[in-house]
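Proteins come first, then strands; the chains are lettered A, B, ... in the order of their sequence lines, and each starts at number 1.
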Amino acid sequence: MKHFINPNDVDSVEELVQLGLELKADPLKFQHLGRNLTMGLVFFNSSLRTRVSTQKAALNLGMNVIVMNVGSDSWQLEFEDGVIMDQGKAEHVKEAAAVLGQYCDVIGVRAFAGLTDRDEDYKEIVLESFRRYAGVPIVNLESATRHPCQSLADLITIEELKKKERPKVVLTWVPHFKPLPQAVANSFAEWVLKTDYEFVIANPEGYDLAPEIRKDALVMHDQAEAFKGADFIYAKNWSSYEHYGQVLTQDRSWAITEERMALTDDAFFMHCLPVRRGLKVADAVIDGPHSAVIQQAGNRVWSVQAAIKKILEARG
Amino acid sequence: MKHFINPNDVDSVEELVQLGLELKADPLKFQHLGRNLTMGLVFFNSSLRTRVSTQKAALNLGMNVIVMNVGSDSWQLEFEDGVIMDQGKAEHVKEAAAVLGQYCDVIGVRAFAGLTDRDEDYKEIVLESFRRYAGVPIVNLESATRHPCQSLADLITIEELKKKERPKVVLTWVPHFKPLPQAVANSFAEWVLKTDYEFVIANPEGYDLAPEIRKDALVMHDQAEAFKGADFIYAKNWSSYEHYGQVLTQDRSWAITEERMALTDDAFFMHCLPVRRGLKVADAVIDGPHSAVIQQAGNRVWSVQAAIKKILEARG
Amino acid sequence: MKHFINPNDVDSVEELVQLGLELKADPLKFQHLGRNLTMGLVFFNSSLRTRVSTQKAALNLGMNVIVMNVGSDSWQLEFEDGVIMDQGKAEHVKEAAAVLGQYCDVIGVRAFAGLTDRDEDYKEIVLESFRRYAGVPIVNLESATRHPCQSLADLITIEELKKKERPKVVLTWVPHFKPLPQAVANSFAEWVLKTDYEFVIANPEGYDLAPEIRKDALVMHDQAEAFKGADFIYAKNWSSYEHYGQVLTQDRSWAITEERMALTDDAFFMHCLPVRRGLKVADAVIDGPHSAVIQQAGNRVWSVQAAIKKILEARG
């Protein structure tokens, strides 16, 4: 694996999931692999889980880690070609990425969606610029439209918890007052569609994910109906793709309650975190015995460690 | 020792002081103890000494260190139970602490007092939430009402410098224009009261520390009187406990001058730093031969290293 | 070498350049040298290249690294003597530097010019305070008037690329709308003047560098004339020394274009980065085959690693 930016970079989802489980059982097994190599982490946006779990994963692989907060540690970057840089942005990504590539052997990048220009966001200009100019492998630490480290951790968690070979997995929209990116939902859909799980997406009208993402997945606009017989409920808010970046409804009947969960087949509750309690999910659900959120977050170490391990091996 | 949050977590102050001195003599003696373990440092507030000395201590014990600034690196946390999180705070400490506990083997936390609600502050909601939810040992890097890493360094310093078995130690209030927490003063009083030193607290009326902190310590409202025969002067500003968080006086006659120090028995001057020169202490005192402030700050490494060492051993 | 603050701290520029090239060929050769030692990096200003390359260099030498952002991680420092600290600055550099010297074996400091008071800036109050109070070696990570880590990397790059024994090197001012420090230009001039290269400084009237910096270097106010026969074009904006800190002109005819480069002897284009494309240099030049900017940035690792290596050896 050369980069870990989007699903096209991955040969076998199945193999990565198994590798994640193997690393969880023996975290330091490949500590020799990254010895004297440097993992650079570049954050254009805030991070807690990703920041800490990725450092941990790189350290488990024996690497050194250097962390950069763009904006507070450094300055804003320009991404457009051919522009005269006489405004606020002091450096072009062409230089920034190429220079970081001189110092780091692998670079992780986090850069959220702007949510104002759909084409711009879906071009993945930041991550693809790093891929193009850095000269070293890039790991996506959540980009405008994808969050593969999260999705891989999600699949690892489902593999650990599933009670039947082919569980029913429901990705459901939950309400939020702010417009949030589609990255986690997109990524989860893409990755689950590479498994043989039964998969349903539940969201209000106007919230259908991009056609190239959801493909032929079953989309239901009735959450209660979708929950019937589910083994896993994956809750996440996202803003509209159709009316790009807008909050069309904050309908709280879509929040996850005990009553709603009672419709499932004793499903596990999943969420990528951070989660707003009360708003998106009832305390009784997230604190209950079928809540998988902490295990899921813990698995973030093994997912990114699996990705970096594959990258280090391909590096030769 | 399971945690290092308040004095109740400590079996023997005497033993910790001796361990600190031992580590100072041989910093890398226990470097094997933390090999491949991760120390997470979570800062809700600014830090210089604590930030750097704790990293140094963890490195001396062979640990990896991951640092998080809440607010700039990440987002604000919610601490209340049962709340509907539809305001600025994006994540509940229940998840944040539990997740960090998945990645880190020991977590240090700094979270200052709000100084508006006394009951709230004295409940130590941040540190106690981490104790409750993280699932791993917690080190107090200064909380609302305690600063045990500082107090242990203070006792180490007194042990190094004392010229008699049972020195007279004076904790004195000094003026400041801003309301400051009681944490350092509280902690120093509690820790000194666990030794057999002679102990006097000097502060203006209205500045008595909490009764459960000062216990039966001698409190004097006349600084000059208190200084007589003192071997150590520990200067610190704090805001009122009685009129909680208020600045009742900025009386500059309480600043530490050469004249005032002349009343002591050649006492050493101590302060936890940062200190505002001119305002709290005369340059001649802090720059003089009896100033212990740099040695005291240097001992911050050995105090927190002693605490972490005890925690690593108890972890088994 | 005791410190690496200004050219007076350096015995032999030639030797440092050779050491840099040696380290580039074998980065981990001296990894034993810094084992269990701590490099502290203190940033009063933003940084990308310096931040990451210095961490990398210290890691290559086997050191641990602790990074501090003054202002966001910590608080503002006071540098004046004898002041009553009753304003915004919470700690004096006397304590801050001395305390960091207790925790770190070598300290790197970045602190830009204020550009309002020339005497103040040229006294180098921040760096010289650290030299005076820290008690450990100091590395200049760009100060008010010097950037030796950059200049050494620049000379390493010229040595790698030069096609004749004594190349013609031109330092040229380029336009910018904001007042920028003279540090990079000053330093480059000082360091080149310690070599036997042919050296010309090109800048508009009113932009002559300080007399004690440029010494007897040839200063030309006609860029086209200066470029004739040049082997290296080093572009950099700086604000006026004479009318201190002012932007006297933004004359875009001083930007580096292909036409202007055609006057040289196939010169390499150099810039310390970040660079504003379009404003200071045409895309065709910086993206062209004679652009040395990425190689130059890459050499930042070897320059600061050479400096730290010399310091560690002198430390004994």
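- Considering NE2 of B/His92 and CG of A/Asp283, their distance stands at 7.0 Å, rounded to 0.5 Å.
- Listed here is the closest heavy atom pair of B/Ala90 and A/Pro274: O-CB, 3.4 Å.
- With a 4.5 Å cut-off on non-hydrogen atoms, B/Glu80 does not touch chain A at all.
- Proximity to chain B (any heavy atom under 4.5 Å) is shown, for A/Leu279, by both the backbone and the side chain.
- Of the two parts of A/Gln31, only the side chain, counted from C-beta on, holds a non-hydrogen atom closer than 4.5 Å to a non-hydrogen atom of chain B.
- With chain A as the partner, the residue from B/Ile66, B/Val99, B/Asp81, B/Ile84 showing the most heavy-atom pairs under 4.5 Å is B/Ile66.
- Between chain B and the residues A/Ser53, A/Ala57, A/Pro27, the largest count of heavy-atom pairs under 4.5 Å involves A/Ser53.
- The existence of a salt bridge linking A/Arg276 and B/Glu78 is excluded, since no basic side-chain nitrogen approaches an acidic carboxylate oxygen closer than 4.0 Å.
- At a 4.5 Å heavy-atom cutoff, the contact between A/Phe177 and chain B is made by side-chain atoms alone.
- A/Arg51 contributes no side-chain N or O that, together with a main-chain N or O of B/Val67, makes up a donor-acceptor pair within less than 3.5 Å.
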Can you check side chain to side chain contact (heavy atoms under 4.5 Å, CB included) on A/Leu48 and B/Leu100, steps first, answer last? CA-CA 8 Å; A/Leu48 183 150; B/Leu100 288 169; 4.1 Å; yes

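- In this structure a side-chain-to-backbone donor-acceptor pair under 3.5 Å is missing from B/Tyr103 to A/Thr54.
- Neither the backbone nor the side chain of B/Val42 comes within less than 4.5 Å of any heavy atom of chain A.
- In this structure, NZ in A/Lys56 is found 4.5 Å from CG in B/Asp105, a value given to the nearest 0.5 Å.
- Residue with the most contacts toward chain B among A/Asn60, A/Asp287, A/Asn45: A/Asp287 (heavy-atom pairs, distance under 4.5 Å).
- By number of non-hydrogen pairs under 4.5 angstrom with chain B, the leading residue of A/Ala282, A/Gly298, A/Gly278 is A/Gly298.
- The contact between A/Leu59 and chain B is made entirely by side chain atoms (from C-beta outward), counting heavy-atom distances below 4.5 Å.
- Counting heavy-atom pairs under 4.5 Å between each of B/Met85, B/Gln102, B/Lys89 and chain A puts B/Met85 at the top.
- If you take CD1 on A/Ile286 and NZ on B/Lys94, they are separated by 9.0 Å, rounding to the nearest 0.5 Å.
- Under the salt bridge (Lys or Arg N to Asp or Glu O under 4.0 Å) rule, B/Asp86 has a single partner from A/Arg252, A/Arg277, A/Lys178, which is A/Arg252.
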